[in-house]
Undergrad: 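Just dropping this structure here.
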Amino acid sequence: MFHLRTCAAKLRPLTASQTVKTFSQNRPAAARTFGQIRCYTAPVAAEPFLSGTSSNYVEEMYYAWLENPKSVHKSWDIFFRNTNAGAPPGTAYQSPLPLSPGSLSAVARAGPLVEAQPNVDKLVEDHLAVQSLIRAYQIRGHHVAQLDPLGILDADLDSSVPADIISSTDKLGFYGLDESDLDKVFHLPTTTFIGGQESALPLREIIRRLEMAYCQHIGVEFMFINDLEQCQWIRQKFETPGVMQFTNEEKRTLLARLVRSTRFEEFLQRKWSSEKRFGLEGCEVLIPALKTIIDKSSENGVDYVIMGMPHRGRLNVLANVIRKELEQIFCQFDSKLEAADEGSGDVKYHLGMYHRRINRVTDRNITLSLVANPSHLEAADPVVMGKTKAEQFYCGDTEGKKVMSILLHGDAAFAGQGIVYETFHLSDLPSYTTHGTVHVVVNNQIGFTTDPRMARSSPYPTDVARVVNAPIFHVNSDDPEAVMYVCKVAAEWRSTFHKDVVVDLVCYRRNGHNEMDEPMFTQPLMYKQIRKQKPVLQKYAELLVSQGVVNQPEYEEEISKYDKICEEAFARSKDEKILHIKHWLDSPWPGFFTLDGQPRSMTCPSTGLTEDILTHIGNVASSVPVEDFTIHGGLSRILKTRGELVKNRTVDWALAEYMAFGSLLKEGIHIRLSGQDVERGTFSHRHHVLHDQNVDKRTCIPMNHLWPNQNVDKRTCIPMNHLWPNQAPYTVCNSSLSEYGVLGFELGFAMASPNALVLWEAQFGDFHNTAQCIIDQFICPGQAKWVRQNGIVLLLPHGMEGMGPEHSSARPERFLQMCNDDPDVLPDLKEANFDINQLYDCNWVVVNCSTPGNFFHVLRRQILLPFRKPLIIFTPKSLLRHPEARSNFDEMLPGTHFQRVIPEDGPAAQNPGNVKRLLFCTGKVYYDLTRERKARDMVEQVAITRIEQLSPFPFDLLLQEVQKYPSAELAWCQEEHKNQGYYDYVKPRLRTTISRAKPVWYAGRDPAAAPATGNKKTHLTELQRLLDTAFDLDAFKNFS
Ligand SMILES: Cc1ncc(C[n+]2csc(CCOP(=O)(O)OP(=O)(O)O)c2C)c(N)n1
């Protein structure tokens, strides 16, 4: 039962004879409040007709006039012009009398109506009232639309009717109108399309049409959009009379799709009644909805749709939208099947899929990909966006005309998860936009057991979309035709404006959260109603049978046809002996692996470069490669210093990165570096985007087609894109201030192609934890769960430099704790290509380079490896400018490689038998240690070995190091606190390396709760203490 919240029922359409009447009666002014009116230069109260009670009309009029001066009565047009021009109080209004056909054309067109009107002020006021009324429905009509299929809930969590929506005739008084005005004819403003061919309608009909457009099964939320053209477009789509028409053919297709959707769930329920499947019952309309969006988009030129969705209805979407073979889905229910692929796999409702097929409606090829997702609701949103952006980028689809994304959401998750907001904020950024996503919310009005009133503070779960001006179409899911219509409009919106749009499918959940759950524990009333609710398929079939669109036998045949398809697939699924997770890959990389999915080799070539290439890149990196371009004086000095480094055949950190990127671009590898302030670099060391200091904002010329936004900023130049004639493009982009969203996005971008180096840099390493979900759920276990490799690189500035607890630690301990290698098992060190095999087996690579040269090599190795693994790099801060942190070109020439371990090469190594202590360390502390060793004159007694690749652990090289210094004590030295950093990871592995023959001592800070002290002096004291321990050869005597 629906609430009768509007008076549509009482407002019958008028007959032609009723439409022309005079409205000479005086009616009492309704009580209204006097609101503030914007922008008036004349005090409004001074005008005779501006009583305190008319301010709402005037305000509405004023807004309408601002949008389009012709949309209001001529007299108002003159009034607003005069007031805005500064007319003194009392003079702005000019009476339109005497009336002549030419002077007031709009009114004059009303013919007998107007001529019979003696009181023009009242005529004006009534027209204003009607305009306000129209606008009220456009703004607030959705609040009274009948959206809940159960008829017991309010989709906006509010059962009240807005004061300006006509729910009964007495509410006409709000506008100063009454029942007697219902049959009077009013001219329609240009901001409405309810008239169709008519330019004037009786009030009764105006209200009826507004109710038809805005208060039935579709609630349109769009009036917050600040673009007139877009608002007009939406008004036209929903107000034009008779706009929602479907052919019988379309109705039959819709019924057939509902049959598939409904019977699929019923089939699963029959066969596996005790399995969780997160069925779609209560929102079966989702399948035809998605298919409509895809059909319409395909018709408009889209040939690749990338989708992300949560658990609810996922199997149904795989079966009936993506068209995954049913037997592949059914065999996922057989727990006894052995997995053919490595890794732990994932449960069936998280796996992804990729499928290319013909769209039967448009007869065009379409590729559909559903991105695998973790349980963490909405986490896949930015990943889908990133993958979509990459697919657009690689096929040159700069406007999103060929590749698009569809994101599905649950109502509780859409409202509750901050990543939704973070993803929306990427939607219009030049380097992140995918030119419009269609969002579909399965709004079953419950989240697990939680009522929406306890789950959100906003009226709708979709309100977050308003921040990006996305229109929101709420629709009652028990009206399949209304659903199809909004989906069609949503797809058209995207292809017209290339902006996000939301379809809110207001539905219910027939079962509990999953099929094992008892919903009556917590929602007894709702579920009593749900038990009574006829399934939508049955309702729609009855409707079409009653309309004669199908007959009962045809309908039944459609059902048995699909049931047979399911049964046959079920029989075939019994033949499946092995489960292939690979069949569930969402992003295949054709040609990168062999046909059976193996790497093409298990070696890695030298990552070195010729002197010529190094010099060329160095020269470009230290110059401005375009004419007539003035850079900042400070930057000139930086580039000059770079030039000198190149002349001296050395690189610092920034130059090493330049060399790695520049050389990969030459080899056709696209590079994308994204993160907060990456263009310049947080530490002002990178400067990959140069800014012309002389160009005025308005006269600039964009230098790079990748940067359309630069035409509102200063003129820029990216020297990295001026390196080679046919180089791959370099994308470097400052991101929004979101780690979760942007890291997810880049991960998705990296999914699309193995031939790209995609890097995300945290501003400081500790900020990665606001993206923890992407790290924990995707990057660390992605391959194990979804057989999907990913070569994303995380650059995490890290180092204890006295900057306090917040900017010091990238939390290496967390990354290391998640490495999948066994600390207690020594691998077979004699195995051929041991180092590459180790990389192949690991879940990710964790490095902390102590030299720019090694940083250069590890970046290049990331691409030259025959497979892809995520790479976590703890990057330095003070080392960026440390005079000793330099590498010679010789360390980067052909034949050189990334050094997993940098052994001691000083005096201690010349006479290893004399060495008393072998210190192991990683990263920046090496420079503190060598300085201290020198100061203490202990270069003969203490050897220092750097572990550059922490994981996979270089057992082989470290064993050689230990064996080289037979009399040395072993100690691990780190600047991080003992319960942090690398100690817990390194110690057991070092012990395993040496078969636990010796202790591994610790020289470092004590355990602590915070990563670093906030006191600079304490910081230095702590540092000195750890150095003292490292070089005190008696330090561990008492522990032996
Ligand atoms: C980030 C996150 N927090 C909590 C959960 C546990 N959880 C699973 S489903 C669910 C309710 C989701 O409700 P809604 O988004 O409305 O989707 P529905 O299940 O109703 O389709 C919750 C809280 C989760 N999966 N992810």
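Atoms within a ligand are numbered from 1 in the order they appear, just like the ligands themselves. Model, not experiment: these values are computed from the prediction.
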Undergrad: Heavy-atom contacts under 4.0 Å between D411 and ligand 1: side chain, backbone, both, or neither?
TA: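 The part of D411 near ligand 1 is both the backbone and the side chain.
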
Undergrad: Under 4.0 Å, heavy atoms only, figure out whether ligand 1 is touched by the backbone of E378, its side chain, both or neither.
TA: neither

Undergrad: Heavy-atom distance from atom 4 (C) of ligand 1 to the protein below 4.0 Å?
TA: no

Undergrad: Check this for me: does any side-chain nitrogen of one of E492 and K296 sit under 4.0 Å from a carboxylate oxygen of the other?
TA: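 Between K296 and E492 there is a salt bridge, with a charged N closer than 4.0 Å to a carboxylate O.
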
Undergrad: Which protein heavy atom lies closest to atom 23 (C) of ligand 1, and at what distance to 0.1 Å?
TA: F448 CD1, 4.3 Å

Undergrad: Give me the residue, atom name and distance of the protein heavy atom closest to atom 13 (O) of ligand 1.
TA: G447 CA, 3.3 Å

Undergrad: With sequence neighbours excluded, tell me which residues meet ring pair (Phe, Tyr, Trp, His ring centres under 6.0 Å) with H435.
TA: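 Residues passing ring pair (Phe, Tyr, Trp, His ring centres under 6.0 Å) with H435: none at all.
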
Undergrad: Kindly identify the option in G313, G416, A412, S375 whose heavy atom sits closest to atom 25 (N) of ligand 1.
TA: S375

Undergrad: For atom 17 (O) of ligand 1, which protein heavy atom lies nearest, and how many Å away is it?
TA: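 Protein heavy atom at minimum distance: G410 CA, 3.7 Å.
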
Undergrad: Quick test of your reading of the structure: of R312, H409, Q445, H513, whose heavy atom lies closest to atom 18 (P) of ligand 1?
TA: R312

Undergrad: Do F815 and H768 have ring centroids that are under 6.0 Å from one another?
TA: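 Ring centroids of H768 and F815 are less than 6.0 Å from each other.
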
Undergrad: Examine the proximity of ligand 1 to I446 and report which part, side chain or backbone, both or neither, has a heavy atom under 4.0 Å away.
TA: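 Under 4.0 Å from ligand 1, I446 contributes backbone atoms alone.
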
Undergrad: For ligand 1, is there an atom lying under 4.0 Å from some heavy atom of R509?
TA: no

Undergrad: Apply side chain to side chain donor-acceptor pair (under 3.5 Å) to Q417 and list each qualifying residue two or more places apart in sequence or on a separate chain.
TA: none

Undergrad: Give me the residue, atom name and distance of the protein heavy atom closest to atom 12 (C) of ligand 1.
TA: L377 CD1, 3.7 Å

Undergrad: Is the distance between the ring centroids of F222 and F238 under 6.0 Å?
TA: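 Judged by ring-centre distance (under 6.0 Å), F238 and F222 do not meet the cut-off.
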
Undergrad: If you measure only the distance, is there a donor-acceptor pair under 3.5 Å linking the side chains of E378 and H409?
TA: yes

Undergrad: How about Y432 and H425: does a side-chain donor come under 3.5 Å of a side-chain acceptor?
TA: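 Note: Y432 and H425 side chains miss the donor-acceptor criterion.
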
Undergrad: Going by the order shown, which atoms of ligand 1 are within less than 4.0 Å of some heavy atom of N444?
TA: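 Listed by number with element: 18 (P), 20 (O), 21 (O).
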
Undergrad: List every atom of ligand 1 that sits less than 4.0 Å from any heavy atom of Q417, numbering the atoms from 1 in the order shown and giving each element.
TA: 1 (C)

Undergrad: How far apart are the closest heavy atoms of Y214 and A145, and which atoms are they?
TA: O-CB, 3.6 Å

Undergrad: Does the side chain of N373 come under 3.5 Å of the side chain of R314 through a donor N or O and an acceptor N or O?
TA: yes

Undergrad: Note the single closest protein heavy atom to atom 15 (O) of ligand 1, along with its residue, its atom name and the distance in Å.
TA: A413 N, 2.9 Å

